[in-house]
Amino acid sequence: MRPPPAREEGFLGRRLLGLDAGALEAAAVGKARGLRWAHVTVSQPLPSIPLFPNGPRPKLGYKSRARHLLAQASSPPRLPASDSTVAELGAAEMEGDAAGAGDGGGGGGGGDRSSIVIGLIENRAKEVGVAAFDLRSASLHLSQYIETSCSYHNTKTLLHFYDPMVAIVPPNKTAADGMVGVSELVGKHLPANKKITMARGCFDDTKGAVMVKNLSARDPSALGLDTYCKQYYLCLAAASATIKWIESERGVIITNHSLSVTFNGSFDHMNIDSTRTRLLRANLLQPLKDIQTINTRLDCLDELMSNEELFFGLTQGLRKFPKESDKVLCHFCFKPKKDTDKVLKPANGRKSQGLISDIIVLKTALDAIPFLSKVLRGAKSFLLRNIYQTICENPKYASMRKRIGDVIDEDVVHSRAPFVACTQQCFAIKAGIDGLLDVARRSFCDTSEAVHNLANKYREDFKLPNLKIPYNNRLGFYFIIPQKDITERLPNKFIQVVRHGKNVHCSSLELASLNVRNKSAAAECFLRTELCLEGLINEIREDIGILTLLAEVLCLLDMLVNSFAFTISTKPVDRYTRPEFTDDGPMAINAGRHPILESLHNDFVPNNLFLSEASNMVLVMGPNMSGKSTYLQQICLIVILAQIGCYVPAQFASLRVVDRIFTRIGTGDNVENNSSTFMTEMKETAFIMQNVSSKYYGSLIVVDELGRATSTSDGLAIAWSCCEYLLSTEAYTVFATHMESLSELATIYPNVKILHFEVDLRNDRLDFKFRLKDGVRKVSHYGLLLAKVAGLPSSVIDTATSITSRITEQEMVRKDDNCQQYQSLQMAYQVTQRLICLKQSNQGDDYIREALQNLKDGYAAGRLT
């Protein structure tokens with residue numbers, strides 16, 4: 001399958017007006033210098049230079065004139081007296097800075113700044129209730145769980161995952177004795193300005209239950225709240241305080257039945273212990289645990305990879321939705337309170353402009369649904385068929401599109417180009433609906449044309465053929481003049497002159513006056529348009545649930561198509577494979593690869609992994625730089641990719657669902673907590689030991705170099721005892737170490753498997769193969785070889801070699817004794833392990849019968865092949 005065309009920036013990024021964005025450069029100067037043109041007044045009349053120099057100006061209505069201005073943006077006029085093309089608006093107006101492009105565009109264009117408000121409360125039974133409200137996606141996430149550690153690890157994980165803009169907590173500690181309390185925890189891990197304290201009475205679970213029931217777009221019975229509202233009262237209390245704060249501080253009222261509410265009685269997603277907003281990030285940080293949901297995504301991915309027409313059709317269809325679709329569709333869930341003039345009439349019509357932009361984005365998104373319907377009509381996978389039935393066949397979307405079409409002009413489309421967006425917003429309402437709006441539009445067109453006339457005049461008067469007139473939402477129009485066109489110095493007419501690279505940015509008193517009048521006309525258009533849209537917006541809010549559903553579907557499709565399928569399609573055939581899942585089977589990965597490093601190194605060496613009930617610990621040994629840490633990271637990444645419903649970089653992968661990944665990787669002290677490297681290592685290990693139990697049956701534990709930060713004897717003792725403790729659990733453990741003495745665990749405990757990374761010794765140099773092999777491979781004195789390369793004196797190296805040889809000889813004698821002592825137990829456990837593998841096998845009866853006979857013969861002979 002050939003790879004699809006390169007994806008443009010952003011969520012579903014494409015500029016629907018067909019304009020090339022160009023270089024975003026000019027408005028940075030205006031931002032830095034703060035040009036205050038709004039305070040300049042000039043009593044001169046508008047310039048009367050003709051806009052049509054080749055003949056009399058045709059009689060155009062104000063709407064036609066607006067279209068002409070937009071046409072100028074895509075086809076800049078050519079001056080008759082100049083041989084060079086004057087890029088008047090098409091490229092120059094795009095040179096506003098990114099902030100300017102998002103300012104007036106409204107509709108949540110905004111950046112990656114957090115938009116989540118989180119409320120937390122606890123009780124003396126070590127239970128914590130969390131309510132996380134995402135203002136950007138209009139979603140409420142409720143969870144309640146028992147804190148298993150005094151350090152509040154689960155709560156810290158959620159704080160890191162949500163990265164809230166505000167955390168709301170009660171004023172007094174309500175936790176059990178010995179627990180730090182959520183209020184103090186938030187104070188430690190978040191800046192002081194993010195912590196909000198509300199009275200304990202605001203955390204009312206009864207009011208919270210009523211709020212969630214009224215605001216949820218889904219039936220409360222589907223969430224399980226009707227059944228468990230008394231049991232999970234803490235998260236409802238947190239929801240009450242969170243919603244109350246949002247409505248009071250943001251000055252909005254949340255529309256009934258508009259929120260996407262998710263409720264997790266406990267952690268229904270995998271918890272990644274080591275992890276320090278879009279849907280992809282959420283899935284990577286909290287992968288799924290439900291096998292049915294995972295397989296549903298994998299079935300969808302199978303169809304996308306096998307049906308090229310469907311894949312490219314969805315790619316093209318998603319581009320038709322504006323970048324801000326998922327955010328803007330949720331803005332209609334919030335209704336401004338009309339109890340203050342400040343909210344009713346904000347300065348400069350900026351709030352009105354944002355509302356108009358949201359309506360335009362909504363119109364553009366609804367107009368894109370028919371194409372999406374055409375693409376999905378023949379889909380076969382359950383997920384895509386369900387999307388087609390709930391979105392494409394839902395008559396409410398067509399009805400909403402018709403209602404919008406009765407008010408909004410059919411030619412209006414969403415654009416991120418500042419001047420084009422401003423013009424589209426001014427002319428969003430159909431002509432003739434509001435007389436005052438029509439007058440304001442004429443004024444906007446007059447001042448806009450006057451600005452371009454002024455630019456033409458300056459080009460001719462001052463011999464500046466390459467003068468550009470870009471537009472920025474914050475500053476308005478300004479001039480850009482290439483420095484190569486300036487022979488001596490700029491005329492005195494130009495003010496606020498600033499050099500910016502190879503160009504000069506400036507203004508003039510005439511342009512400043514026109515900017516003021518243009519902005520005033522635009523603001524009046526925005527305010528009148530908002531008044532005309534009130535009825536339409538109220539009708540839209542009646543069906544707000546379908547907009548939140550559409551936003552969720554767009555996020556999911558974007559992740560599956562533009563992230564998963566696109567990435568897999570750019571790889572060679574069979575490099576990624578679909579993982580298989582079992583309830584309690586082994587973890588088997590054949591030829592697994594690191595998904596990131598394999599993109600950087602063409603010769604990346606794949607390696608295998610096998611873990612089962614009978615062999616639940618793997619000890620990985622090898623010299624420094626042989627690939628141990630990369631192998632551990634590779635295992636974790638493959639498991640995470642599999643559990644978010646994506647193909648994995650391996651020839652074959654059969655996994656059991658992992659509910660937790662515990663990692664102890666890396667070294668480093670913690671000066672803030674007065675912890676040395678060894679103390680930090682022990683604290684992390686202690687957390688693993690305290691939280692791994694039979695409760696977390698599917699845990700995966702990854703440990704890298706435990707005990708190396710203290711003395712050799714103590715480090716070995718700690719590593720050995722930790723291994724023995726983990727062996728007693730049912731969790732799968734991968735343990736990387738330099739300590740060769742730990743290999744003796746395999747002679748005592750048959751469920752330990754020893755692996756090593758292959759290394760060749762050539763001319764006192766280590767040749768790393770990065771290939772994993774069974775058993776112990778002793779590389780004599782590899783630490784001394786690296787020390788010699790580093791430049792230690794030869795006398796020091798010789799003495800160290802003599803000492804380590806004597807120590808090694810004693811250890812080998814002890815190891816041989818252990819092998820003889822535990823040989824019978826080892827044989828019995830190996831037989832058990834192979835029987836378990838045959839039980840999980842999908843081979844035929846003849847194959848299993850033959851394997852059992854071979855196993856019997858091998859055991860009788862005293863050796864298993």
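No hydrogens, no waters, no symmetry mates; every other heavy atom, side chains included, goes into these values.
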How close do I640 and P287 get, counting heavy atoms only, and between which atoms?
CG2-CG, 3.9 Å
Cation-pi between R664 and F687: NZ/CZ under 6.0 Å from ring centre and within 45° of the ring axis?
no
Passing option when Y162 is tested against V117, I116, D134 for side chain to side chain contact (heavy atoms under 4.5 Å, CB included)
I116
Taking E580 for the side chain and L655 for the main chain, is one N or O donor matched with an acceptor at less than 3.5 Å?
no
If we ignore hydrogens and angles and just use 3.5 Å, is the side chain of S654 paired with the main-chain N or O of M587 as donor and acceptor?
no
How about V212 and L236: do any of their side-chain heavy atoms sit closer than 4.5 Å?
yes
If you measure only the distance, is there a donor-acceptor pair under 3.5 Å linking the side chains of S143 and H141?
no
About how many Å separate OG1 of T242 and CD1 of I196, when rounded to the nearest 0.5 Å?
11.5 Å
The reported gap from CH2 in W245 to OG in S240 (rounded to nearest 0.5 angstrom) is 15.0 Å
When rounded to the nearest 0.5 angstrom, what distance separates SG in C646 from CZ in R297?
10.5 Å
Tell me whether S216 contacts the main-chain N or O of K213 through its side chain, where contact means a donor paired with an acceptor under 3.5 Å.
no
Is any side-chain heavy atom of K195 closer than 4.5 Å to one of V186?
yes
For D543 and I546, indicate whether the former's side chain and the latter's backbone hold a donor-acceptor pair under 3.5 Å.
no
Find out whether F610 and V618 are in side-chain contact, i.e. whether some heavy atom of one side chain is under 4.5 Å from a heavy atom of the other.
no
Atom pair OG1/CD of T255 and E542 - distance to nearest 0.5 Å:
10.5 Å
Please answer whether the main-chain N or O of S612 pairs with a side-chain N or O of S615 as donor and acceptor at a distance below 3.5 Å.
no
Could you go through L259 and T548, starting from their C-alpha distance and side-chain angles, then the distance that decides it, and tell me whether this counts as side chain to side chain contact (heavy atoms under 4.5 Å, CB included)?
CA-CA 7 Å; L259 295 185; T548 57; over 6 Å; no
Would you find more than 12 non-hydrogen atoms of other residues, nucleotides or ligands less than 6.0 Å from K207 atom NZ?
no
Side chain to side chain contact (heavy atoms under 4.5 Å, CB included) assessment of E724 paired with Y749:
CA-CA 9 Å; E724 287 187 329; Y749 298 98; 2.6 Å; yes
Is H160 reaching over with its side chain to a backbone N or O of K156, donor-acceptor style, under 3.5 angstrom?
no
Do N256 and N214 get their side chains close enough for a donor-acceptor pair, meaning under 3.5 Å?
no
Under 3.5 Å: donor-acceptor pair, side chain of N616, backbone of T729:
yes
Do T737 and E705 have side-chain atoms, one donor and one acceptor, less than 3.5 Å apart?
no
To the nearest 0.5 angstrom, please state how far the SG atom of C723 sits from the CZ atom of F735.
4.0 Å
Less than 4.5 Å apart, any side-chain heavy atom of D659 and any of L700?
no
T155 and Y145 side chains, donor-acceptor separation under 3.5 Å
yes
Report yes if some heavy atom in the side chain of L557 is under 4.5 Å from a heavy atom in the side chain of I387; otherwise report no.
yes
Contact check, side chains of L547 and L362, non-hydrogen atoms, under 4.5 Å
yes
Roughly how far, to the nearest 0.5 Å, is the NZ atom of K683 from the CE atom of M679?
6.5 Å
If we ignore angles and hydrogens, is there a donor and acceptor under 3.5 Å between the side chains of D704 and Y631?
no
Passing candidate, side chain to side chain contact (heavy atoms under 4.5 Å, CB included) with V130, options L234, I121, L158:
L158
Full working for side chain to side chain contact (heavy atoms under 4.5 Å, CB included) between C722 and M689
CA-CA 8 Å; C722 287; M689 301 298 158; 3.6 Å; yes
Taking the side chain as every heavy atom from C-beta outward, state whether I254 and E247 have any atom pair closer than 4.5 Å.
yes
Can you list the steps and then say if L745 with W720 is a side chain to side chain contact (heavy atoms under 4.5 Å, CB included)?
CA-CA 8 Å; L745 280 167; W720 185 289; 3.5 Å; yes
Any donor-acceptor pair under 3.5 Å linking the side chain of Q643 with the backbone of V657?
no
Between N386 (side chain only) and F382 (backbone N and O only), is there a donor and an acceptor less than 3.5 Å apart?
no
Taking the side chain as C-beta and beyond, is there a heavy-atom pair between M211 and T206 under 4.5 Å?
no
